Enquirer: 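Structure below; questions to follow.
Just so you know, these numbers come straight off a predicted model, no measurement behind them. Values below: all heavy atoms of this structure, side chains included; hydrogens, waters and symmetry mates excluded.
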Amino acid sequence: MAFSELLDQVGSVGRFQVLQTVALVVPIMWLTTHNMIENFSAAEPSHRCWLPLLDNGTAQTTVPGALDPEALLAVSIPPGPNQGPHQCRRFRQPQWQLLDPNATATNWSETATEPCLDGWVYDHGTFTSTIVTQWDLVCDSRALKPMSQSIYLTGMLVGAAVCGHASDRSGRRLVLTWSYLQMAVPGTVAAFAPALPVYCLFRFLLAFAVAGVMMNTATLMMEWTSAQARPLAMTMNSLGFSFGHVLMAAVAYGVRDWALLQLVVSIPFFLCFAYSWWLAESARWLLITGRLERGLQELRRVAAINGKRAVGDTLTKEVLHSAMREELSSGQAPASLSTLLRTPGLRLRTYVCTLCWFAFGFTFYGLALDLQALGSNVFLLQVLLGVVDFPAKTGTLLLLRRLGRRPSQAASLVLAGLCILANMLVPREMGALRSALAVLGLGGVGAAFTCVTIYSGELFPTVLRMTAVGLGQMASRAGGILAPLIRLLGIYSPSLPLLVYGVVPVLSGLAALLLPETQSLPLPDTIEDVQKQTAKKVARSIPEHWVLKSTQL
């Protein structure tokens, strides 16, 4: 763990860390817009069948008398489940008898209607164009919309698996730079997709890169800061997502066309790709993997930016080799995912951390679905998702410093779960109370995300950190994919989905109590460092008189 001392010499909190935080958080804000964009680009507006009597100027000339559009709509489309015009069916022939004030169409026959054979007419009052209106993802094709969202989440899952391992092998900054480019190109091309399958393909490639950006951003910030400044840096990273929610609402409010919106949120990543070459590679990773020359260059560069050029000039390969002799002798041993599951000191950490990541993804999407009840204004709802995060995540920074990582992680997950379970007991008529509990639960989820991002990075050694974080990200995306399916349990009982959404984070929060505390500890660099931490914990837990008695024997 000698790298912590080297980092303190060149500056663990200085101008470099400030510039790096800004350079890394700005892309996170724009990345969040891609995660949430289909709230707007895939919005389903009000729609009805295309009607010759209303939408064909030639056919309107054959209409007897001067009938207004409402009358023509009444004789052409049966009432739907919400008593408005049916969105997916129309009468085969105009039902002129319905113009009689005493007539009713409540008992219309299915055989007297037909599907929307000529397409649909959409309400463009809120959005001028969405992928739903572009490719008619309504009625019998309605399932294609959630399918595109699942494909996106699957891309993030696959990206987490690949990018985590690639970062441990090839470097954090290299994978991050490539991920910026991969977000920019497929994101831009998706705006010109001629068909839904092509759109889904490029969204999949985009999501693949999103996972790489998220993981490597957090790891670079963590590995270039000291233990004391790490919670603040990671909280800023987490707040980038909160700002991104608000940014998404603002951009979508001004851009109502889905293709143009897709372009607006994708083009900035070309700029991110351009300046990412300035970012420093993790010197901690370079040294642990034996790349002393590059590690020395990055340390000297950081020292110069932090105003400690003289200290940087004193660093040589011999000094680095002497300071990190123990880490270098063991850090280059091959390490993989199987190492996480085989090693006694890492196995429990891997299982519990993966469970916490899963609970975060699962609960977030569960709450997001329930938050639809807050109102129909999707722009206001999007802002609310970000605004609630601010106090939750800044408050988490204080909790991490006062209580430590383990209690904060457990409390945030348990709070989110209890808020969901409490909603099972609140009648639907008490909308204000249900909304308040949902918002409080969302705050708990935001706090849980901050905690698990910091905690999982501190629990695993440098040689396996990105592999472990990638596994956690995969679990989070798996939870996100599974969460919407749990809603199907509502056909058996309306409270059953809430029960599942609430129990998972509560059990995960309790499981987090099995993890060791990492507050104020230096980041472990090798597997041996983790095992030493575990041995010290066991030694401290043995009563002193037992040690004395064994010594006497």
Enquirer: In terms of relative ring orientation, are Phe243 and Phe390 parallel, tilted or perpendicular, with 30° and 60° separating the classes?
Expert: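 Perpendicular.
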Enquirer: Determine whether Asp118 and Arg90 make a side-chain contact, defined as any pair of heavy atoms from C-beta on separated by less than 4.5 Å.
Expert: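 Touching, per the 4.5 Å side-chain cut-off.
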Enquirer: Heavy atoms only: give me the nearest Ala193-Trp135 pair and the separation to one decimal.
Expert: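 Looking at all heavy atoms of both residues, the shortest contact is O-CZ2, 3.4 Å.
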Enquirer: Under the salt bridge (charged side-chain N to carboxylate O under 4.0 Å, His left out) test, which residues partner Arg172, sequence neighbours left out?
Expert: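 If we apply the salt bridge (charged side-chain N to carboxylate O under 4.0 Å, His left out) test to Arg172, skipping adjacent residues, the hits are Asp168, Glu223.
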Enquirer: Give the intermediate values and the outcome of side chain to side chain contact (heavy atoms under 4.5 Å, CB included) for residues Phe40 and Val255.
Expert: CA-CA 10 Å; Phe40 308 92; Val255 182; over 6 Å; no
Enquirer: What about Phe364 and Phe449, are their ring centers closer than 6.0 Å?
Expert: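 No.
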Enquirer: Kindly determine whether Cys88 and Cys139 satisfy disulfide (SG to SG under 2.5 Å), including the steps that lead there.
Expert: CA-CA 6 Å; Cys88 300; Cys139 298; 2.0 Å; yes
Enquirer: For the residue pair Phe379 and Tyr253, does the interplanar ring angle fall in the parallel (under 30°), tilted (30 to 60°) or perpendicular (over 60°) class?
Expert: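 Because their plane-to-plane angle is over 60°, the rings of Phe379 and Tyr253 count as perpendicular.
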Enquirer: Taking the side chain from Thr363 and the backbone from Phe360, do they hold a donor-acceptor pair closer than 3.5 Å?
Expert: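 Not confirmed, Thr363 side chain does not pair with Phe360 backbone.
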Enquirer: Under a 3.5 Å distance rule, please check whether Arg477 uses its side chain to pair with a backbone N or O of Thr154 as donor and acceptor.
Expert: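 Here the side-chain-to-backbone pair does not exist.
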Enquirer: Check whether any side-chain N or O of Thr133 sits under 3.5 Å from a backbone N or O of Ser129 as a donor-acceptor pair, and report yes or no.
Expert: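 Absent.
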Enquirer: I need the Met424 CE to Leu437 CG distance, nearest 0.5 Å.
Expert: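 It is 13.0 Å, given to the nearest 0.5 Å.
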Enquirer: Would you mind telling me which of Phe241, Phe269, Phe202, Phe208 makes a ring-ring contact (aromatic ring centres under 6.0 Å, His included) with His34?
Expert: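 Of the listed residues Phe241, Phe269, Phe202, Phe208, the ring-ring contact (aromatic ring centres under 6.0 Å, His included) partner of His34 is Phe269.
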Enquirer: Checking the side chain of Ser412 only, and the main-chain atoms of Gln409 only, is there a donor and an acceptor separated by less than 3.5 Å?
Expert: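 Such a contact is found between Ser412 side chain and Gln409 backbone.
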Enquirer: Which heavy-atom pair separates Leu421 from Leu498 by the least distance, and what is that distance?
Expert: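 Minimum heavy-atom separation between Leu421 and Leu498: CD2-O, 4.0 Å.
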Enquirer: So does Ala42 get a backbone contact from the side chain of Lys145, meaning a donor-acceptor N/O pair under 3.5 Å?
Expert: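 Yes; at least one donor-acceptor contact below 3.5 Å.
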Enquirer: Mark yes or no for whether His245, through its side chain, and Thr32, through its backbone, hold a donor-acceptor pair below 3.5 Å.
Expert: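 It does not hold such a pair.
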Enquirer: For the pair Gln262 (side chain) and Gly187 (backbone), establish whether a donor and an acceptor sit closer than 3.5 Å, ignoring hydrogens and angles.
Expert: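 Side chain of Gln262 to backbone of Gly187: a pair is present.
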Enquirer: Does the Tyr275 side chain pair with the main chain of Ala23, one donor and one acceptor, at a distance under 3.5 Å?
Expert: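 Yes: the side chain of Tyr275 pairs with the backbone of Ala23.
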Enquirer: List the atom of Arg173, the atom of Ser276, and the distance in Å for their closest heavy-atom pair.
Expert: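 Smallest interatomic distance, heavy atoms only, reads CD-O, 3.6 Å.
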Enquirer: Should the ring pair Trp277 and Phe273 be called parallel, tilted or perpendicular, given that the plane angle runs from 0 to 90° and is split at 30 and 60?
Expert: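 Trp277 vs Phe273 ring planes: perpendicular.
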Enquirer: Rounded to the nearest 0.5 Å, what's the gap from CE on Met221 to OG1 on Thr453? Could you check?
Expert: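 That separation rounds to 10.5 Å.
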Enquirer: Might you point out which heavy atoms bring Ala511 and Val352 nearest each other, and give the distance in Å?
Expert: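 Scanning both residues, the minimum pair turns out to be O-CG1, 3.4 Å.
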Enquirer: Using only atom types and a distance under 3.5 Å, with no angle test, would you say the side chain of Ser238 pairs donor to acceptor with the backbone of Met234?
Expert: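 Side chain of Ser238 to backbone of Met234, a donor-acceptor pair under 3.5 Å: no, none is there.
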Enquirer: Closest heavy-atom contact between Ile151 and Cys200?
Expert: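 Of all heavy-atom pairs spanning Ile151 and Cys200, the closest is CG2-O, 3.7 Å.
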Enquirer: Please tell me if the side chains of Ile131 and Leu137 come closer than 4.5 Å, counting only heavy atoms from C-beta onward.
Expert: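 Answer yes - side chains close enough.
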Enquirer: With sequence neighbours left out, write down each residue that passes side chain to side chain donor-acceptor pair (under 3.5 Å) with Thr188, or none if nothing qualifies.
Expert: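 Listed in chain order: nothing, the list is empty.
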Enquirer: Could you check whether Arg89 makes a cation-pi contact with Phe91, meaning its NZ or CZ is under 6.0 Å from the centre of the six-membered ring and within 45° of the ring axis?
Expert: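 Arg89 over Phe91 ring: no.
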Enquirer: With respect to Tyr122, which candidate in Thr130, Asp136, Thr128 satisfies the side chain to side chain donor-acceptor pair (under 3.5 Å) definition?
Expert: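 Single pass found, and it is Asp136.
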Enquirer: Does the side chain of Leu279 come within less than 4.5 Å of Leu24's, by heavy atoms?
Expert: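 Of all side-chain heavy-atom pairs linking Leu279 with Leu24, at least one is under 4.5 Å.
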Enquirer: Does any N or O in the side chain of Ser476 come within less than 3.5 Å of the main-chain N or O of Gly472, such that one atom is a donor and the other an acceptor?
Expert: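 Side chain of Ser476 to backbone of Gly472, a donor-acceptor pair under 3.5 Å: no, none is there.
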Enquirer: Between Tyr199 and Trp258, what is the ring plane arrangement, given parallel below 30°, perpendicular above 60°, and tilted in between?
Expert: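 Ring orientation, 0 to 90° scale: perpendicular.
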Enquirer: Determine the minimum heavy-atom distance between Gly240 and Ile28, stating which atoms define it.
Expert: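 Scanning both residues, the minimum pair turns out to be C-CG2, 3.7 Å.
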